[in-house]
Amino acid sequence: MKIDRRGLLAVGGSLACTTLIPFKAIASETDEAIAKFTGGANIGTGGITLTTPEIAENGNTVPISVESGKASSILLLALGNPNPNVATINFGPLSGSRMTSTRIRLRKTQEVVAIAKLEDGSFTKDVKTVKVTIGGCGG
Amino acid sequence: MAKGVKPRIKVPKQASAGDMITIKTLISHKMETGLRKDSDGNKIPRSIINRFTCDFNGENVVDVGLDPAISVNPYFQFNAIVPESGEFNFTWYDDDGSVYEKAKKITVT
């Protein structure tokens with residue numbers, strides 16, 4: 001097989017794409033927080049809805065809400081904050097639909113991640129990007 | 001104990017057995033992140049509420065672990081199922097060791 005310049009570039013380009021995406025999305029602290037919550041289990045998608053505003057004018061208080069039909073606990077992370085942890089919500093036997101709304105701080109435009117642990121022990125997640133006009137960490 | 005901490009809770013007064021009700025809670029608290037600096041450039045130490053729980057007649061409804069990314073005056077809205085008349089107990093745990101408690105009664109008809 002003859003390797004020409006055009007073919008080489010195409011291969012290189014696709015390789016760069018596949019390796020760059022996971023790097024960009026996950027920082028080490030986030031990794032740690034997720035690993036602590038899931039114990040290294042695979043995270044699926046679907047069955048969880050994270051509702052955030054598309055644009056938050058004030059990063060000091062961004063209203064978010066998360067719902068997951070069969071979750072026993074939900075981990076909230078903000079990937080662009082100095083500390084990615086936001087909250088861990090554990091649902092008890094008397095909680096109704098597994099939803100909660102709260103208000104969070106976001107330093108800059110970033111992805112907010114919600115990971116739910118379902119009652120059968122599996123994990124699922126939802127990711128939303130929030131554009132922040134004024135950051136909310138006071139620095 | 002941090003100054004000016006006041007919990008506010010909204011629970012319906014009445015419900016039918018097995019109904020799902022919505023609860024809203026808010027506690028006034030400055031939620032100092034520990035990242036801010038004062039005018040002299042010294043770090044302001046972290047002072048947040050780090051845990052919030054809600055129980056109904058001794059059974060857990062929600063148990064939330066809070067991090068500094070939760071806004072000033074932490075607000076939570078969630079649902080609960082009420083099997084019988086009783087009392088909701090809400091508890092907030094402060095970084096400085098203080099515990100703030102409030103209870104709300106509900107009548108099930």
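By convention in this document, chain letters (A, B, ...) are assigned in the order of the sequence lines, proteins followed by strands, and residues within each chain are numbered from 1.
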Checklist entry - Are A:L50 and A:V127 close enough that some pair of their side-chain heavy atoms sits under 4.5 Å apart? => result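 Counting from C-beta outward, A:L50 and A:V127 never come under 4.5 Å.
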
Next on the checklist: If hydrophobic clusters are built by linking Ile, Leu, Val, Met, Phe, Trp and Tyr wherever their side-chain heavy atoms come under 4.5 Å apart, do B:F88 and B:V108 end up in the same one?
Outcome noted: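 Yes, it is one cluster - the side chains of B:F88 and B:V108 are joined through contacts under 4.5 Å.
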
Item to check | Audit row: B:V72, A:T61, side-chain contact (heavy atoms from CB on, under 4.5 Å) steps and yes/no | outcome: CA-CA 8 Å; B:V72 173; A:T61 146; over 6 Å; no

Checklist entry - Who wins among A:I89, A:V86, A:T100 for the most heavy-atom pairs under 4.5 Å with chain B? => result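 Going by pairs under 4.5 Å, I would pick A:V86.
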
Checklist entry - For B:I23, is it the side chain, the backbone, both or neither that has a heavy atom under 4.5 Å from a heavy atom of chain A? => result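 No part of it gets close to chain A.
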
Item to check | Engaged part of B:P83 at the chain A interface, taking heavy atoms whose separation is under 4.5 Å | outcome: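 It is the side chain, since no backbone atom gets that close.
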
Next on the checklist: Can you confirm if the aromatic rings of B:Y93 and B:F52 lie within a centre distance of less than 6.0 Å?
Outcome noted: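 No, the ring of B:F52 stays outside the 6.0 Å limit from the ring of B:Y93, centre to centre.
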
Checklist entry - Between B:N79 and A:S97, is a side-chain hydrogen bond (donor to acceptor under 3.5 Å, both in side chains) present by the stated rule, with each step listed? => result CA-CA 6 Å; B:N79 298 319; A:S97 71; 2.6 Å; yes

Checklist entry - Hey, mind stepping through B:K43 and B:E32 against salt bridge (charged side-chain N to carboxylate O under 4.0 Å, His left out) and telling me if it holds? => result CA-CA 11 Å; B:K43 272 201 170 174; B:E32 195 59 66; over 6 Å; no

Checklist entry - How would you list, in number order, the residues of residues 54-67 of chain B that have a heavy atom less than 4.5 Å from chain A? => result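 When heavy atoms of chain A are the reference, residues 54-67 of chain B contributes B:F56, B:E59, B:N60, B:V61, B:V62, B:D63, B:V64, B:G65, B:L66, B:D67 within the under-4.5 Å range.
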
Item to check | salt bridge (charged side-chain N to carboxylate O under 4.0 Å, His left out) between A:D120 and A:K70, intermediate numbers included | outcome: CA-CA 8 Å; A:D120 62 7; A:K70 287 176 185 157; over 6 Å; no

